[in-house]
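Working notes for the structure below.
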Amino acid sequence: RIEDEGMSYLIPYQEALATRADGLFIWIHTVVEMVKNTVVGRERLLKNIFENATPSKVEKKMEAMYVTVLQYASGDSDEEKAIVRSTVGLLLATSDTAPLPISGLYAFLPSHSSELLNLEEFTTLVMKLKPVLKFTENTSSNQPSNQPLVQAYHLSFLEFVKKKEFAVDG
């Protein structure tokens, strides 16, 4: 429940969100996570979500949500967009293996990307992708224990980023 999670700011939108979700749990989860993790510009973000979330086929609805999340995470600079694209590519490439901690993803960034931001800044950028990511406790003795492991929250996100349209236009 929205009230129990400290997200009373979503109460006016509760019915509209439920209608837009049309029973699609992953869509509403992604919206709530994205809004919950937005500090500035929640109203603008919600307006953007409602504009992009016209009732339609499930796949199109999720694609519109994923585009919104990626645009939010990418910011305005070409550098941030390239880093988000690399990060998502790494998540896709490692999706069939064990998830990596954020420092592991950072280590695989192209050298020009890791020169633009440090690990702390990269962590902030990855957290902008939280609506589509799952963070699990790191219990491995081989990895830094203070960092959670990161992987896609739902297979549909990985399927979306595999598409040619995302690779070219995303």
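The OH atom of Tyr66 sits 6.5 Å away from the NE2 atom of His154 when rounded to the nearest 0.5 Å. Rounding to the nearest 0.5 Å places OG1 of Thr124 at 9.0 Å from CG of Leu117. Note that NZ of Lys128 is 13.0 Å distant from CD of Gln71, once rounded to the nearest 0.5 Å. For the atom pair CG of Leu91 and NZ of Lys134, the computed distance is 12.5 Å after rounding to the nearest 0.5 Å. With values rounded to the nearest 0.5 angstrom, Leu105 atom CG is found 6.0 Å from Leu90 atom CG.
Here the side chains of Pro101 and Leu149 are in contact, with some heavy-atom distance below 4.5 Å. For the pair Phe135/Met127, a side-chain contact is recorded, criterion being any heavy-atom separation below 4.5 Å from C-beta on. Proximity of Ile83 to Thr87: side-chain heavy atoms (C-beta onward) are separated by under 4.5 Å at one or more points. No side-chain heavy atom of Glu33 sits under 4.5 Å from any side-chain heavy atom of Leu133. For the pair Tyr72 and Thr68, the minimum side-chain heavy-atom distance is 4.5 Å or more. Looking at heavy atoms from C-beta onward, Leu70 lies in side-chain contact with Leu129 at the 4.5 angstrom threshold.
The two atoms that bring Leu109 and Ser86 nearest to each other are CD2-CB, 3.8 Å, heavy atoms only. Minimum heavy-atom separation, Lys81 to Gly75: CE-O, 3.6 Å. Contact record, Gln151 with Pro99: OE1-CG, 3.2 Å, taken as the closest heavy-atom pair. For Thr30 against Pro131, the heavy-atom pair with the smallest separation is O-CB, 3.5 Å.
Annotation for Asp76: atom CG does not count as buried by contact number, only 12 or fewer foreign heavy atoms lying within 6.0 Å.
For residues 93-133, every residue pair satisfying the ring-ring contact (aromatic ring centres under 6.0 Å, His included) rule, not counting sequence neighbours, is listed here: Tyr106-Phe122.
Listed by chain and number, the residues in a ring-ring contact (aromatic ring centres under 6.0 Å, His included) with Tyr153 are His29 (sequence neighbours excluded).
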Could you list the donor-acceptor pairs under 3.5 angstrom formed by side chains in residues 39-46, with sequence neighbours left out?
residue	atom	partner	partner atom	Å
Arg42	NE	Val35	O	3.2
Arg42	NE	Thr38	O	2.9
Arg42	NH2	Thr38	O	3.2
Glu43	OE1	Tyr13	OH	2.5
Glu43	OE2	Tyr13	OH	3.1

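Without hydrogens or angle criteria, Glu79 side chain to Leu116 main chain gives no donor-acceptor distance under 3.5 Å.
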